> 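This structure is in structure tokens; I'll ask about it shortly.
All figures in this text were calculated on a predicted structure; none of them were measured in a lab.
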Amino acid sequence: WSLKQGEYEAAFTQALSASAADMAVYCCKNANVSNVLGGNSPAISQPILLCLMQQLGAVLVSSSDDDLQTILLWLQESALTLVPTDESVVRHVSQVLQQLVSSVEAKMAMADPTLRRQLKMLLQVIQGMQR
């Protein structure tokens, strides 16, 4: 894995191309979100970021408590980092965001009440991006 060398684009691309969301969760758990998404220029491209959001959203509803905090943190930070108007992702953003809204709402309906605030904040960020 390229995570240890800080080759985040390669590591996340490899994980996402495996089409197994648990690989994406693994990457998130083993990378520092600030190193990957912090600063003026994220360490992963907009298409990879959007794909990551899609895969994390897909496992959000079925995620264990173990992974849930990681998934929520990464979705929140990804939503704040994504540039919906970027030409490399603009055609796919609305579909991915709509899927995310559905996943967050489904998780809210079944989640522990202590998670409702986090999920609601994430939902508000995503809905704000849809405008």
> For C27 and A11, work out which heavy atoms get closest and say how close.
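Shortest heavy-atom contact: SG-O, 3.8 Å.
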> Between N40 and P42, which heavy-atom pair has the shortest distance, and what is it?
O-CD, 3.9 Å
> Just wondering, do V61 and V104 contact through their side chains at under 4.5 Å, heavy atoms?
no
> Distance check, rounded to the nearest 0.5 Å: I48 atom CD1 versus S78 atom OG?
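Those atoms lie 12.0 Å apart.
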> Given L16 and M23, is the side chain to side chain contact (heavy atoms under 4.5 Å, CB included) satisfied, shown in steps?
CA-CA 7 Å; L16 294 167; M23 295 304 290; over 6 Å; no
> Report yes if some heavy atom in the side chain of L97 is under 4.5 Å from a heavy atom in the side chain of Q127; otherwise report no.
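No, their side chains stay 4.5 Å or more apart.
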> Starting at CE of M110, measure out to OG of S62 and round the result to the nearest 0.5 Å.
8.0 Å
> Can you measure from CG (L56) to CG (L72) and round to the nearest 0.5 angstrom?
9.5 Å
> Heavy-atom distance under 4.5 Å between the side chains of E105 and V101, does that happen here?
yes
> Taking NZ in K29 as the centre, count heavy atoms belonging to other residues, nucleotides or ligands within less than 6.0 Å. Is the count above 12?
yes
> Rounded to the nearest 0.5 Å, what separation is found between the OG1 atom of T81 and the CD atom of Q46?
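Spacing of OG1 (T81) from CD (Q46) equals 8.0 Å.
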> Looking only at heavy atoms, what is the nearest atom pair of M129 and P84, with distance?
CE-CG, 3.9 Å
> Out of curiosity, K120 NZ to M108 CE, how far, rounded to the nearest 0.5 Å?
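One gets 5.0 Å once the value is rounded to the nearest 0.5 Å.
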> Using the rule that two of Ile, Leu, Val, Met, Phe, Trp, Tyr join whenever any of their side-chain heavy atoms come within less than 4.5 Å, decide whether V96 and V83 are in one cluster.
no
> Looking only at side chains, do Q76 and Q118 share a donor and an acceptor under 3.5 Å apart?
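Looking only at side-chain atoms, Q118 and Q76 do not form any donor-acceptor pair under 3.5 Å.
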> Set out, in order, the CA-CA distance, both residues' side-chain angles and the distance that settles side chain to side chain contact (heavy atoms under 4.5 Å, CB included) for D86 and L50, then state yes or no.
CA-CA 11 Å; D86 187 287; L50 186 64; over 6 Å; no
> Does the side chain of K107 reach to within under 4.5 Å of the side chain of S63, using non-hydrogen atoms?
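A side-chain contact exists here, since the closest heavy-atom pair is under 4.5 Å.
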> So which heavy atom on A79 is nearest to which on V125, and how close?
CB-CG1, 3.5 Å
> To the nearest 0.5 Å, how far apart are CG in L82 and CD in E77?
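Going from the CG atom of L82 to the CD atom of E77 covers 13.0 Å.
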> Quick one: do C28 and I71 satisfy side chain to side chain contact (heavy atoms under 4.5 Å, CB included)? Show the steps, please.
CA-CA 8 Å; C28 292; I71 292 169; over 6 Å; no
> Verify, without hydrogens or angle tests, whether N30 (side chain) and Y26 (backbone) share a donor-acceptor contact under 3.5 angstrom.
yes
> Which is it for L37 and I44 under the side chain to side chain contact (heavy atoms under 4.5 Å, CB included) test, yes or no, and what are the steps along the way?
CA-CA 7 Å; L37 301 178; I44 60 176; 4.1 Å; yes
> Could you tell me if the side chain of V36 sits less than 4.5 Å from the side chain of V33, heavy atoms only?
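Heavy-atom side-chain distance check fails, nothing below 4.5 Å.
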> Are W74 and F12 near enough that their ring centres are under 6.0 Å apart?
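Under 6.0 Å, so yes.
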> Report yes if the side chains of L100 and Q54 come closer than 4.5 Å at any heavy-atom pair, otherwise no.
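Counting from C-beta outward, L100 and Q54 never come under 4.5 Å.
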